[in-house]
Amino acid sequence: MIDPVAVFCGVLRDRFGVAVSTDLPARFEDYLPHVRVIGLPGRVEARTWQSGGLLRAVPMDVDVFAETLGAASDLAGEIDAYMDGARLDEGRAETASTPHERPDYNPNVRRFGLIVDWHYRP
């Protein structure tokens, strides 16, 4: 079975060369920028009448952490520009929520986020 979150994280890691994870490691603020991806509940988009889903979509909640708000905004914007409408071997993507500032409890980082719908074949 394909792990869509792992595949999506790999695409971001390969394209942008930054740390990408599904959980924030201890002291991650020492190694910025950092991107965290959380897979939200997905849906089946296409199916045959006698079998399971042929195409699935998983919304990916993407958080971009950086030292400054500008750096977080820039990287989130680059991710949005690359992923919105992207058709890759691994799947295709479209922006569901454009980049926006998100508050964070850690005073050492600034955070921007977006949601990308990741479509893939299971």
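Pairs passing the salt bridge (charged side-chain N to carboxylate O under 4.0 Å, His left out) check and including a residue from residues 17-29, sequence neighbours excluded, read R27-D30. The side-chain hydrogen bond (donor to acceptor under 3.5 Å, both in side chains) contacts involving residues 62-73 comprise R36-D63, D63-R102, D63-R111, where partners must be two or more places apart or lie in separate chains.
Distance CD1/I38 to CG/L40: 7.5 Å, rounded to 0.5 Å. Note that the CZ atom of R56 and the CZ atom of R43 stand 12.0 Å from one another [nearest 0.5 Å].
Sparse packing is recorded around CZ of R121, with 12 or fewer heavy atoms of other residues, nucleotides or ligands lying under 6.0 Å away.
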Pair H119-E94, side-chain contact (heavy atoms from CB on, under 4.5 Å): steps then yes or no: CA-CA 8 Å; H119 306 266; E94 57 190 25; 3.5 Å; yes

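Other residues sharing a hydrophobic cluster with Y105 under the 4.5 Å side-chain heavy-atom criterion for ILVMFWY residues do not exist; the residue is a singleton. Using a 4.5 Å cut-off between side-chain heavy atoms of Ile, Leu, Val, Met, Phe, Trp and Tyr, V7 falls into a hydrophobic cluster with I2, V5, F8, V11, L12, F16, V18, V20, V35, V37, V58, M60, V62, V64, L75, I79, Y82, M83, L88, L114, V116, W118, Y120.
The nearest pair of heavy atoms linking A76 to P99 is O-CG, 3.7 Å. Among all heavy-atom pairs drawn from G42 and P59, the shortest one is CA-CD, 3.9 Å. Nearest heavy-atom pair, R110 versus L69, reported as atom, atom and distance to 0.1 Å: CG-N, 3.5 Å.
By the side-chain contact (heavy atoms from CB on, under 4.5 Å) test, R87 is found to be paired with R92, residues two or more places apart in sequence or in another chain being considered. Residues satisfying the side-chain contact (heavy atoms from CB on, under 4.5 Å) criterion with T95, sequence neighbours excluded, are D80, D84, T98.
F65 pairs in a ring pair (Phe, Tyr, Trp, His ring centres under 6.0 Å) with only one of the listed residues (F28, Y31, F112), which is F28.
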